[in-house]
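Have a look at the structure below before the remarks.
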Amino acid sequence: MEIAECRAGDVEVLERRMPSHSAEGSHAARFARQRAGESTYLIPWLEGRPVGHAEIRWTGCAAPEVRAARPGCPEINGLFAWPAPLRSRGIGTALVHTAERLAGERGIDVMGLGVGDGNPRAAELYARLGYRPAVAYMDRWTRLDPDGVRHEQADPCVFLVKAL
């Protein structure tokens, strides 16, 4: 497996293989933030196919609760391994380690990420990797249905942090 920063030509491939269902979390939106210098969009590739993604938001988590409690803390956002049979095979761990390495190269000494209350497998992974609870918050996002209709979502989450 190779993990690389997203390139312009990858966006269409990502959308075809792993369709976006979030307005703010679409592949195009993540790539646009990367081009603006706000984030780094990481794509793991296996046998020439994208098998997940993670975005390092250098500007921090968008949730006001997190911004107030952990100002300036970069966030690993949208960590995802796909398809489902590839989960629990080290893709998420590799993405987190890559994000931590890139943060270290920038002189950053803390990293954060959010986990939904209904995602115990991810919470267990993050705990194993050394992330500890810092602040509860509501993750607010816009889901796009197959017809492109926007639906506002709010999920209870916990922001976890790790000293690097």
Side-chain angles (χ1 to χ4, degrees), residues 1-63 66 74-103 105-106 108 111-126 128-129 131 137-160:
M1 180 178 64
E2 173 192 1
I3 297 176
E5 286 186 23
C6 185
R7 299 166 304 200
D10 297 338
V11 174
E12 181 182 328
V13 173
L14 292 166
E15 195 60 49
R16 191 172 56 246
R17 298 254 325 136
M18 296 178 283
S20 302
H21 300 290
S22 167
E24 300 85 5
S26 72
H27 303 296
R30 291 177 192 277
F31 182 69
R33 284 191 292 272
Q34 176 178 278
R35 288 189 69 185
E38 299 170 5
S39 72
T40 301
Y41 191 26
L42 300 173
I43 310 299
W45 296 87
L46 184 63
E47 299 174 1
R49 296 175 298 133
V51 292
H53 54 73
E55 181 184 13
I56 310 165
R57 291 193 176 181
W58 302 115
T59 56
C61 179
V66 175
E75 175 194 32
I76 301 171
N77 182 277
L79 183 66
F80 181 70
W82 187 91
L86 292 179
R87 293 186 183 138
S88 298
R89 297 201 180 183
I91 294 170
T93 298
L95 284 165
V96 169
H97 287 318
T98 300
E100 292 172 349
R101 178 182 54 77
L102 292 173
E105 289 172 3
R106 289 177 173 234
I108 294 168
M111 181 64 77
L113 50 77
V115 63
D117 287 356
N119 196 347
R121 287 182 63 204
E124 289 171 12
L125 168 65
Y126 303 148
R128 277 195 313 273
L129 295 175
Y131 286 81
Y137 71 102
M138 278 304 233
D139 183 23
R140 299 182 196 298
W141 57 285
T142 303
R143 178 180 59 84
L144 301 175
D145 70 20
D147 296 322
V149 176
R150 299 169 67 93
H151 302 273
E152 300 303 317
Q153 301 287 133
D155 301 316
C157 293
V158 175
F159 193 72
L160 311 171

Quick one, [X] and [Y] - any side-chain contact, counting heavy atoms below 4.5 Å?
X	Y	result
M138	P156	yes
L102	L42	yes
M111	I56	yes
Y41	D10	no
N77	R30	yes
L125	R121	no
H97	I3	no
D155	D117	no

I'd like to know if the side chain of [X] and the backbone of [Y] have a donor-acceptor N/O pair within less than 3.5 Å.
X	Y	result
H27	M18	yes
E15	S20	yes
H53	G78	yes
E55	S39	no
D147	V149	no

Taking only residues two or more places apart in sequence or in another chain, which ones pass side chain to side chain contact (heavy atoms under 4.5 Å, CB included) with A36? E38
Nearest 0.5 angstrom please: [X] [atom1] to [Y] [atom2], how far?
X	Y	atom1	atom2	answer
I76	T98	CD1	OG1	9.5 Å
R143	H151	CZ	NE2	4.5 Å
L95	E100	CG	CD	11.0 Å

Shortest non-hydrogen contact from [X] toward [Y]:
X	Y	answer
C61	F159	CB-CE1, 4.0 Å
F31	C6	CE1-O, 3.4 Å
G52	I43	O-CG2, 3.9 Å
V158	Y137	C-CE2, 3.6 Å
C157	G116	SG-CA, 3.7 Å
L14	P50	CD2-CB, 3.5 Å

For E152 and T142, test the side chains for any donor-to-acceptor distance below 3.5 angstrom and give the result as yes or no.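 Result is yes, a qualifying pair exists.
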Would one find more than 12 heavy atoms of other residues, nucleotides or ligands at under 6.0 Å from atom CZ of R7? no
Count the heavy atoms belonging to other residues, nucleotides or ligands that lie under 6.0 Å from CZ of R35, then report whether that count exceeds 12. no
